[in-house]
Amino acid sequence: MTEWEDNTCTQLQLWDTAGQERFRKSMVQHYYRNVHAVLFIYDVTSPASFSSLTSWVEECRQHSLGQDIPRFLVGNKSDLRDPKKTDSQVSQERAMSFSKAHGMIFFETSAKDPPKKGTSGQQGSRQALYQQDNVEDIVTAVSLKLKRQKKLLTANSLAYSGSFKLTNKKAEKEPMTCC
Ligand SMILES: Nc1nc2c(ncn2[C@@H]2O[C@H](COP(=O)(O)OP(=O)(O)OP(=O)(O)O)[C@@H](O)[C@H]2O)c(=O)[nH]1
């Protein structure tokens, strides 16, 4: 639950899809019904977990999840990054490029050992390109995105389903009423 300064709050209900196929098959319809956002989470030390994201993106598409549903890409286990093993890890550049291609908001974090607020991580011998966030920051970002989107949807539905529709400056001054 995130409480905002305007006295509203956003409550997040997270559904963790089971890794095991036999559970996934029976639960899958339930997951996709009324979904407001999707978090694609992978393990930064497991390129296989990153590669499997493509099938999750495809699954979302098959379940007709619209592009208006916010998508987040989260690389977890950043505490296990080993500067000497860059080949067997998912680089932030690769993840960032994937997130851009799929319209996702990218985060990297560790659920076990939360990065200090706003710090950049170390990747190989270089400074990581993107900052790492703790889990709470990611939850807040998801909540904020949903709050903004809800506001936008409400504004749009008022503009298009009310007794008048604002189309231009003239209409703003002299609203046309109908119904
Ligand atoms: N070092 C480290 N270990 C983690 C982190 N997050 C989870 N783990 C460990 O990773 C293991 C797997 O965690 P799960 O949450 O079961 O992973 P999962 O992907 O949901 O697993 P399935 O639902 O079975 O697919 C556990 O032993 C966790 O303690 C992290 O950020 N850092």
Side-chain angles (χ1 to χ4, degrees), residues 1-3 10-67 69-146 149:
M1 173 98 74
T2 308
E3 291 182 10
T10 309
Q11 188 175 8
L12 283 189
Q13 223 174 34
L14 296 174
W15 292 80
D16 180 8
T17 54
Q20 290 182 42
E21 192 70 10
R22 64 196 174 100
F23 292 123
R24 249 169 40 75
K25 281 261 159 24
S26 57
M27 289 297 290
V28 88
Q29 287 302 334
H30 193 68
Y31 286 140
Y32 287 98
R33 215 174 295 141
N34 295 321
V35 154
H36 294 122
V38 184
L39 280 88
F40 296 87
I41 303 177
Y42 65 95
D43 174 348
V44 300
T45 66
S46 163
S49 73
F50 185 78
S51 299
S52 75
L53 293 175
T54 309
S55 63
W56 287 104
V57 170
E58 175 56 19
E59 188 167 294
C60 286
R61 198 189 61 75
Q62 283 174 5
H63 284 85
S64 309
L65 241 65
Q67 278 309 313
I69 302 288
R71 290 154 163 82
F72 298 82
L73 179 65
V74 183
N76 188 34
K77 302 195 186 180
S78 64
D79 57 294
L80 295 182
R81 265 201 189 286
D82 183 343
K84 293 181 226 99
K85 292 186 183 164
T86 48
D87 283 354
S88 57
Q89 296 171 13
V90 182
S91 71
Q92 288 187 320
E93 288 92 337
R94 189 177 170 200
M96 192 64 189
S97 154
F98 183 87
S99 69
K100 272 190 186 150
H102 294 282
M104 298 171 179
I105 300 167
F106 173 55
F107 292 97
E108 191 166 281
T109 191
S110 163
K112 185 178 179 185
D113 184 14
K116 284 196 196 83
K117 223 176 164 63
T119 52
S120 291
Q122 204 67 27
Q123 190 177 24
S125 56
R126 310 172 277 133
Q127 194 74 0
L129 281 180
Y130 309 102
Q131 77 169 39
Q132 303 193 337
D133 294 274
N134 60 41
V135 173
E136 288 75 22
D137 290 339
I138 298 173
V139 168
T140 305
V142 175
S143 302
L144 187 61
K145 182 81 183 166
L146 289 172
Q149 196 169 41

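Whatever order the structure lists ligands and atoms in, that order sets their numbers, starting from 1. Along the sequence shown, the residues carry numbers beginning at 1. No experiment lies behind these values; they were computed from the predicted model shown.
Considering every non-hydrogen atom in both Arg71 and Leu65, the closest pair reads NH2-O, 3.3 Å.
Taking a cut-off of under 4.0 Å to the non-hydrogen atoms of Asp16, the atoms of ligand 1 that pass are 20 (O). For ligand 1, the atoms lying closer than 4.0 Å to a non-hydrogen atom of Ala111 are 6 (N), 30 (C), 31 (O). Here is the list of ligand 1 atoms found below 4.0 Å of a heavy atom in Asp79: 1 (N), 2 (C), 30 (C), 31 (O), 32 (N).
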Using side-chain contact (heavy atoms from CB on, under 4.5 Å), reason through Gln13 and Trp15 one step at a time and then give a plain yes or no.
CA-CA 7 Å; Gln13 223 174 34; Trp15 292 80; 4.1 Å; yes
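Below 3.5 Å of separation, one finds no N or O of Ser78 facing any N or O of ligand 1. Ligand 1 has no nitrogen or oxygen under 3.5 angstrom from a nitrogen or oxygen of Leu80.
Side-chain polar atoms of Thr2 and Ser143 form a donor-acceptor pair below 3.5 angstrom.
Ring planes of Phe107 and Phe72: parallel class, angle under 30° (limits at 30 and 60°).
Ion pairing between Lys112 and Asp79 fails under the 4.0 Å rule for side-chain N and carboxylate O.
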